[in-house]
Amino acid sequence: MAEAASRLRERGVTKIHGIGAPGGRDETPWIGPDGQVMRRLELHLTYTCPERCAFCSEAHRMSRFKAFPVTFGRVASVLRTHASRGVRALHITGGEPTIHPRFLDTLKLARKLGMRTSVGTIGTMLQRPAFAAEVLPFLDEALFSLHGPTAELHDELAGRPGSFDQVTAAIRTCRSLDPEFGAFVNTVLCRRNLDALPDTLRLADSLGASLIIVSNTTPEGDGYDRFDELAPRLDELTAAMAALPTDELKATLRIFGVPMCLLGEHAMLSNDMHWDPRVTVEWASKPGKVVFDDFFNWNPGRKRVHVEACASCSRKGLCQGVWDRYAELWPVDALQAKP
Ligand code: SF4
């Protein structure tokens, strides 16, 4: 018990009681350093994916852990533990989670434990009406990956011909089966699709997405290895944010991984202000072994840093700054502290 408690304190989980206490499951909520209650679980259900996205943040983990399937027994244990601690929302991620043979069972168990359910997907299985019809009664939301407004651009970035048709078909299928379904879109922003962003947003909106997240290339996995080639420079981001067609969109828009000072009049769209603490459960390497481990994130600042310009910025408490890798590689003069 002492060892488990110490391990969690190292991760910033400040109020913990009775870890591993005999006589049943502990039901004390996970409480963060500023008193936040952990409500969201992100579960990596698989390390396999049919696509090869240019900026895949999971590429390293997928090659390292693809020989370690996530069994349903392990999933059930994770869900029960976190449900008993007050976690009320499950987001399933991967790889491509819909291809996991127990994907539906995972959703059913999460619902039974009182959780809302969502999945991050490129539509591999949800494009199939029969599969979607079976799954949707247990799925509240899906975050579909759409990286361009045309098959040519999206397929180039996803690394597989047919990917665009697949994901757009999946969104249409889910929306036609359930017009109230929470169809969301995530579009990863890189130098290759920057100019096409307004049209990507218009397409996602026309497909019925109620939430669109624009995610700046994250320096992780292939996104790290190819950061020089992929990462939009700050002046390019500033221009792209100024061209957002917000007046045309019915969908709610959120911008992830972009410093707030580059968002201009759209600063309030920053995902830094619309972010929930989350515990991520995934395979991790430990000395001599691989473990399915919990990682507690209490703020959205992962891989972001404040630089000199941020010191006097009145938004420093809200904005998480610029990618650490960006600040290592390139000038950050375009950042403008807000008085
Ligand atoms: S100056 Fe720094 S803290 Fe302020 S908005 Fe820009 S990146 Fe964020």
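Position 1 is the first residue of the sequence; numbering continues from there.
For the ring pair (Phe, Tyr, Trp, His ring centres under 6.0 Å) test, no residue two or more places apart in sequence or in another chain qualifies with Phe72. Among residues two or more places apart in sequence or in another chain, the ring pair (Phe, Tyr, Trp, His ring centres under 6.0 Å) test is passed with Trp330 by Phe227, Tyr326.
Ion pair Arg202/Asp205 not flagged as a salt bridge, since none of the NZ, NE, NH1 or NH2 atoms sits closer than 4.0 Å to an Asp/Glu carboxylate oxygen. For Glu229 and Arg226, the salt-bridge test passes: some basic side-chain N is under 4.0 Å from an acidic carboxylate O. By the 4.0 Å N-to-carboxylate-O rule, Asp272 lies close enough to Arg304 to be salt-bridged with it. Taking a cutoff of 4.0 Å between a charged side-chain nitrogen and a carboxylate oxygen, Arg128 and Glu134 do not qualify as a salt bridge.
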**Message:** salt bridge (Lys or Arg N to Asp or Glu O under 4.0 Å), that's the test. Do Glu58 and Arg61 meet it? Break it down for me.
**Reply:** CA-CA 5 Å; Glu58 295 302 316; Arg61 276 186 286 270; 2.8 Å; yes
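Side-chain contact between Leu189 and Met241 is present, with heavy atoms from C-beta onward closer than 4.5 Å. Contact annotation: the side chain of Phe144 never approaches that of Thr168 to less than 4.5 Å [non-hydrogen atoms, C-beta and beyond]. Between Arg52 and Arg160, the closest side-chain pair of non-hydrogen atoms is not below 4.5 Å. Residues Val322 and Leu234 form a side-chain contact, since some pair of their non-hydrogen atoms from C-beta on lies under 4.5 Å apart.
Paired with Met38 under the rule side-chain contact (heavy atoms from CB on, under 4.5 Å), one option of Val279, Ile31, Asn297, Asp276 passes, and it is Val279.
Counting only N and O atoms by type, the side chains of His44 and Thr280 include no donor and acceptor under 3.5 Å apart. Glu96 and Thr121 are linked by a side-chain donor-acceptor pair at a separation below 3.5 angstrom, with hydrogens and angles left out of the test.
For His147 and Phe55, the ring centers are positioned less than 6.0 Å apart.
Residue Asp235 places its CG atom among more than 12 non-hydrogen atoms of other residues, nucleotides or ligands, all under 6.0 Å distant. Environment of CD in Glu152: sparse, with no more than 12 heavy atoms of neighbouring residues, nucleotides or ligands closer than 6.0 Å.
Between the side chain of Asp165 and the backbone N or O of Gly162 there is no donor-acceptor pair closer than 3.5 Å.
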